[in-house]
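Below is one structure, written out as structure tokens, with a few remarks after it.
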Protein chains: 2
Amino acid sequence: MPLKNTGTEQLIKDTAKRLIFAEGKLHATTQEIADAAGVNRTSLHYYFRSRDLLIAAVFQEAMQGLSERLNQCMVSAKPFKQKVEFLIEVFLKDMMAFPYQETFMVTEINTVGKQLVGNIDSEPVKSFLNEVQQEMDSGNLKAMPPSQFLMNLFSLLSYPLIMAPLYKQLFQLADGAFNELITARKAMIMELIFNGK
Amino acid sequence: MPLKNTGTEQLIKDTAKRLIFAEGKLHATTQEIADAAGVNRTSLHYYFRSRDLLIAAVFQEAMQGLSERLNQCMVSAKPFKQKVEFLIEVFLKDMMAFPYQETFMVTEINTVGKQLVGNIDSEPVKSFLNEVQQEMDSGNLKAMPPSQFLMNLFSLLSYPLIMAPLYKQLFQLADGAFNELITARKAMIMELIFNGK
DNA sequence: TTTTTGTTTAACAAAAATGTTAAAATAAAA
DNA sequence: TTTTATTTTAACATTTTTGTTAAACAAAAA
């Protein structure tokens with residue numbers, strides 16, 4: 001629709017992402033988004049027609065981003081261990097920037113409906129799970145259902161960042177100290193899931 | 001306030017908990033809560049005065065519940081390994097019933113403010129972390145900052161349940177098959193965090 | 001039974017959030 | 001420089017959600 005395109009459309013979308021994914025304001029209002037973007041609320045309707053459509057756009061881009069990250073990490077030609085290392089790097093970085101992305105997707109699915117998920121491509125994941133199985137067969141990984149391995153990996157990666165506000169309180173840590181904990185996790189997760197092998 | 005007490009107050013609170021914590025409707029409206037509870041929306045105001053106060057009551061009970069579970073699991077007289085086993089059981093059960101409890105608390109903190117957390121007692125956690133340190137010193141656990149050990153434990157426990165809607169899709173699993181995966185995790189988590197020791 | 005107390009409800013009111021319209025502002029094209 | 005197309009905005013309208021009031025109802029006490 002826009003031809004002149006001064007970047008406002010992208011600005012609104014990015015601001016919505018920041019509020020929702022980074023700051024965890026899962027039900028930011030159109031006014032809050034417009035204010036944070038420094039535009040009039042009507043602009044938001046001009047570009048997206050309704051709040052729902054803006055949210056849908058944001059959701060869909062998050063889903064696509066996730067899909068691309070999975071693809072990038074899971075179907076590369078790297079040897080398995082390097083592949084996992086790369087995956088941890090990519091997802092840890094993403095989670096540090098947008099810790100509430102996954103939370104948003106899940107709660108959105110819970111309120112709007114499962115049909116939202118439809119477009120995710122599960123092929124890369126399937127091929128990765130196969131590779132995990134092979135590694136287990138060769139004795140390079142402790143045997144377990146490959147889906148468990150994958151859930152373990154993502155649990156260790158994502159959960160501490162999602163729950164950061166709670167853990168900062170529980171451990172009495174300021175932002176800086178907590179971030180150090182998080183960045184130290186890459187090596188630790190590798191150790192843990194490869195069981196010292 | 002209520003003297004006759006027909007159980008409506010508790011019913012409303014429990015229904016709110018079900019919608020928010022179990023079904024993941026993190027911003028259920030008063031109408032949705034009243035409908036689900038089968039009462040008139042005005043009753044909700046009669047007992048709680050406002051939506052905010054109902055939500056505050058729900059939040060506070062969740063916080064207290066968490067506090068109690070932590071206490072129950074972390075300061076018992078059990079030997080360390082049994083203690084962890086017990087903790088996994090308790091929290092896995094709770095997460096299966098109310099997967100979005102923690103998510104709710106975090107997003108609430110992100111929108112309302114950190115002062116909400118205030119009342120959590122971090123003493124049981126501190127004493128547990130000390131015990132973890134001792135186990136590491138004795139060589140029963142791989143050495144790492146104890147807070148990392150604790151985050152690992154809770155990550156492995158909680159994350160798959162929080163993200164269930166996504167993983168069911170990704171693995172193409174129905175509810176039954178997914179639940180089997182989850183219940184199989186207790187033993188697996190023990191193995192993983194004790195590193196076969 | 002009638003009085004009192006507590007509970008539930010319908011009807012109404014207010015506030016908050018979303019959506020629409022038309023006009024003003026801006027910038028490129030003719 | 002006028003014209004045209006696009007973008008931005010203010011003002012208004014609608015819908016949704018929350019909150020209030022007063023009356024109906026129910027049950028125990030007087």
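Note that these values count all heavy atoms, side chains included, but never hydrogens, waters or copies made by symmetry. Convention: sequence-line order gives letters A, B, ...; per-chain numbering from 1.
Across all strands shown, C/dT1 is found opposite D/dA30 as a Watson-Crick or G-U wobble partner, with both distances under 3.5 Å.
If you take CD of A/Glu32 and P of C/dA17, they are 7 Å apart, rounded to a whole angstrom. Atom C1' of nucleotide C/dG19 and atom NE2 of A/His45 are separated by 5 Å, given to the nearest angstrom. Taking atom CD of residue B/Gln31 and atom C1' of nucleotide C/dA16, one finds them 16 Å apart after rounding to whole Å. Between B/Tyr47 atom OH and C/dT9 atom P there is a gap of 10 Å when expressed in whole angstrom units. The nearest whole Å value for the distance from the CZ atom in A/Arg49 to the P atom in C/dT21 is 13 Å. What separates CD1 of B/Ile33 from P of D/dG19 is a distance of 11 Å, to the nearest Å. Look at CZ on A/Phe48: it is 14 Å from C1' on D/dT7, rounded to the nearest Å. Going from atom CG of B/Leu44 over to atom P of C/dT9 covers 12 Å, rounded to whole Å.
Dashed line: the shortest gap from a side-chain N or O of A/Thr30 to OP1 or OP2 of C/dT18 is under 4.0 Å. Contact annotation: A/Tyr46 side-chain N/O to D/dT7 OP1/OP2 distance is under 4.0 Å. Of the side-chain N and O atoms in A/Thr8, one or more sit less than 4.0 angstrom from OP1 or OP2 of D/dT8.
Between A/Met74 and A/Pro124, the shortest heavy-atom contact is CB-O, 3.8 Å. Taking all atoms of both residues into account, the shortest heavy-atom contact from A/Ile162 to B/Val106 is O-CG1, 3.5 Å.
At the heavy-atom level, B/Ser43 lies under 4.0 Å from base atoms of the strands shown.
Ranked by how close their nearest DNA chain C nucleotide is to the 5' end, A/Arg41 and B/Asn40 are led by B/Asn40.
A search for salt bridge (Lys or Arg N to Asp or Glu O under 4.0 Å) contacts involving A/Arg18 returns A/Glu23, not counting sequence neighbours.
Relative to the six-membered ring of A/Phe86, A/Lys78 meets both conditions, a distance below 6.0 Å and an angle of at most 45° to the axis.
One can find a donor-acceptor pair under 3.5 Å joining the base of D/dA10 and the side-chain atoms of A/Thr42. For C/dG19, the base has no donor-acceptor partner in the side chain of A/Arg51 [N/O atoms by modelled type, under 3.5 angstrom].
A salt bridge does not link A/Glu135 with A/Lys81: none of the charged nitrogens is closer than 4.0 Å to a carboxylate oxygen.
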